[in-house]
Amino acid sequence: MATTFFEQQHAARRTSRGLIWLFVAAVVAIVIAVNVVLGTAYLYVLAPRGAWARYGLDALPHYFVTTNTAVVLLMIVGGSVQQVLAMREGGEAVARMVGARPVDPSSQDQLERRLLNVVEEMALASGIAAPRVYVLERQDTINAFAAGLHPGDAVVTVTHGALTRLTRDELQGVIAHEFSHILNGDMTLNIQLIGLLHGLLLLALFGRFLADMDRVRLSSESRDRANVLFAVGIAIVAIGYIGVFFGRLIKAGVSRQRECLADASSLQFTRNPDGIGGALRKIGGLGELAGGTIDHPQAESLSHLFMAPAGVQFAAGWMATHPPLEHRIQAIYGHPMDFLPAPELVVAIGSYRPTQTPELAPLPFTTGPVAATSAAQTRATAGSAVAATISPVTGLVGTAAGAAIQASIGRPHAASLPFVEQLLARVESLGLRPALSDTTGAQLLVLGLLMDKEQAIVARQEQQVADAFGPEASARVEAMRSAATQMPPGWRLPLVDLAFPTLRKLPVAARNRLLTLAHALIVADGRVTLPEFLLYTVLEARLGAGAEGVRAVRYASLRDLAAEATLILSLVAAVRSREAPAHAYEAGARLLEGAASAPLGRDALALDQVSAALRRLNALAPLAKPQLIKACVAVAFVDGSTNWKAASCLRTLCAALDCPLPPQVDAQAAAEAGT
């Protein structure tokens, strides 16, 4: 079994390649079977009598096999490609397939508020942006799934029964289970399965269409031909279900292994067997074969995504999509446990209710103030990115060896919860929660974090915001700036992570406008500070043009990107130790083959160059990324300590590489609260 986040990602990609080959083998077998069935039907029924005896296979029409093969390939491969393309929208497309409803981040419903809070806590502890949340209404059973093309695209969907029948601890266990699928690369694999199995199913549906054709004809000859079509249709259905059978077999093998891993990950995070264990026991209490049933036509197609069987198991044992509940429960508790009743609960949740803030009217975006900054000015000012923040090193924390930190990535730990609780409490006390819940407020929050300290520059920046969002926006963005000054600087990126579910609701054009305006605010004072530098990099990674779709692997080794790795190491070293960056850089450079012997100068650490380097580094193979992160961790924690600036660099790097955060970085962020 793979042991680290990156090994799980690699295993998922390897399994994905294996599925392609199995799909090809299934298609070849189906093509042969179809040609045999149709050829036999033609020779013995439709061909002139005696033609088989006289001519053998030559009695078949010209291009008979070619035509059949082309039609079958068009149906199966075309159907799969069509479904895969439909899945390009990622997790939200999958949620819509089963009729799930998005949960409004500003929801005042107590059960939905509890769900949103649990998801936010888990996202912060994992070091990834909070996913969007969906609910399957009219589904009173207990089930859930996570879907998406990568962690930044993820959605988490739960049934209405999971909301109403599970305690908070049990719901937390379920969400932790789903986050394991997000972190371990299961989501992309599962979406690929949806596409492949859809193509194999189309042939069976076509055979059913032939079998259902009206067999009543005026002449006996027509009736005979209709009967042949019926027989051929039944045969094609049988052939099609051969593909479906093997598809289900593949799906079952992949799903069973991943569900066991997700159960273990949930227990590791919550340290409470009654979390995920209690949820599974309640599913059994509703009926082992029906406790997670989803009443929807697409439930079977998505059965491998769900936490529990979404319907009656196709077969027991090796054909089951999920391990038996008794086995999963025993693995969690270490001994057998009885199922639990699952009545609807009356849930009391804190007193928090979002205050009502008026949504700003959408106004045409004004690009004038932004366009005034030329590309040459941008390149000239971006070089000062690292030189901006000069506060002394604070919040030093102890750390384990780099290897231990690397192994902890993608394994959320309960030790992260103090930071999570501190951040969420500060969000509530500063009144920032409503801003996270509407699209305008979330954008103004991001822009408020980029406002300058000098009043003259702030006035120009507020005018740019007002030109984009209307005059009312000036006061709101100033309030955001004021609130941001009351938070430790290392908390800004986690705060923005909480806003991403809302920001992801923006259309592509609005995202691009936000990035353009953010860039304009950054360069308004003629320089780029480190907090601005890091925040913009995260925004671009999660909202920019490359944020959608599956990340293609273009580089197998860090040796292919030695210059980019040197640039990132130099950046971390420069912010970790302003006085002696060479010492910090050396701690990481010795771990990277091909890295330069000395760090780059500060004038080389420009925003454009770093952003381009991170985009290329994100195209690394999964098993090539951990060495880079390990080297950056060695730089950030040189001499056994770090500061918020280096920790924030690590957070930005992980966001750009689509990987979770080492939990030790959250420990550094928690330490800031007391400094």
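We count residues from 1, following the sequence as given. Just so it is clear, the values below take in all heavy atoms, side chains as well, and ignore hydrogens, waters and symmetry mates.
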### Message
Check Glu92 with Lys505, please: is the shortest side-chain N to carboxylate O separation under 4.0 Å?
### Response
no
### Query
Are His181 and Leu305 side-chain neighbours, meaning at least one heavy-atom pair lies under 4.5 Å?
no
### Query
Does the Asp153 side chain pair with the main chain of Gly148, one donor and one acceptor, at a distance under 3.5 Å?
no
### Task
Answer yes or no: is there a donor N or O on one side and an acceptor on the other, between the side chain of Glu178 and the main chain of Ala146, under 3.5 Å?
yes
### Query
Judged by atom type as modelled, is there a donor-acceptor pair below 3.5 Å linking the side chain of Arg281 to the main-chain atoms of Pro341?
no
### Task
Check for a donor-acceptor pair, side chain of Lys282 on one end and backbone N or O of Arg165 on the other, with a separation under 3.5 Å.
yes
### Message
Between Gln443 and Leu503, is the side-chain contact (heavy atoms from CB on, under 4.5 Å) condition met? List the steps.
### Response
CA-CA 7 Å; Gln443 292 179 78; Leu503 294 174; 3.9 Å; yes
### Query
Side chains of Ile283 and Phe339: does their closest heavy-atom pair fall under 4.5 Å?
no
### Query
Do Leu495 and Met487 have side chains that get closer than 4.5 Å, going by heavy atoms?
yes
### Side-chain (Thr164) to main-chain (His160) donor-acceptor, under 3.5 angstrom
yes
### Query
What is the minimum heavy-atom distance between Ala144 and Val174, and which atoms define it?
CB-CG1, 3.7 Å
### Message
Any heavy-atom pair between the side chains of His327 and Pro324 that's under 4.5 Å?
### Response
yes
### Message
Less than 4.5 Å apart, side chain to side chain, heavy atoms only: is that true for Tyr134 and Val158?
### Response
no
### Query
Would you find a donor on one side and an acceptor on the other, under 3.5 Å apart, between the side chain of Gln172 and the backbone of Arg168?
no
### Message
Checking Asp169 against Thr167: is there a side-chain donor and acceptor pair closer than 3.5 Å?
### Response
no
### Task
Decide yes or no for Leu124 and Leu498: does some side-chain heavy atom of the first lie under 4.5 Å from some side-chain heavy atom of the second?
yes
#### Entry: Nearest-0.5 Å distance that lies between atom CZ in Arg328 and atom CD in Glu259
5.0 Å
### Message
Any non-hydrogen side-chain atom of Pro131 less than 4.5 Å from a side-chain atom of Val119?
### Response
yes
### Task
Spell out, as yes or no, whether a donor-acceptor pair under 3.5 Å connects the side chain of Thr141 to the backbone of Thr293.
yes
#### Entry: Polar side-chain atom of Arg101 near backbone of Val135 as donor-acceptor pair, under 3.5 Å
no
### Task
Using salt bridge (charged side-chain N to carboxylate O under 4.0 Å, His left out) as the criterion, point out the one residue from Arg114, Arg132, Arg433 that pairs with Glu120.
Arg433
### Message
So that I can tick it off, tell me whether Glu421 and Arg426 are bridged by a salt bridge, with the cut-off set at under 4.0 angstrom between side-chain N and carboxylate O.
### Response
no
### Query
Quick one: does Thr502's side chain have a donor or acceptor within less than 3.5 Å of a partner on Leu436's backbone?
yes
### Query
With side chains defined as the heavy atoms from C-beta onward, is the minimum distance between Glu112 and Asp104 less than 4.5 Å?
no
### Message
For Ser266, is there any backbone N or O sitting under 3.5 Å from a side-chain donor or acceptor partner on Thr270?
### Response
yes
### Task
Drop me the distance from Ile128's CD1 to Cys654's SG, to the nearest 0.5 angstrom.
11.5 Å
### Query
Distance under 6.0 Å and angle within 45° of the ring axis: does Arg542 meet both against Phe500?
yes
### Message
Under the criterion side-chain contact (heavy atoms from CB on, under 4.5 Å), I'd like the reasoning laid out for Asn272 against Leu267: C-alpha separation, chi angles, the key distance, then a yes or no.
### Response
CA-CA 6 Å; Asn272 178 11; Leu267 180 60; 5.9 Å; no
### Message
Checking Thr159 against Gln139: is there a side-chain donor and acceptor pair closer than 3.5 Å?
### Response
no
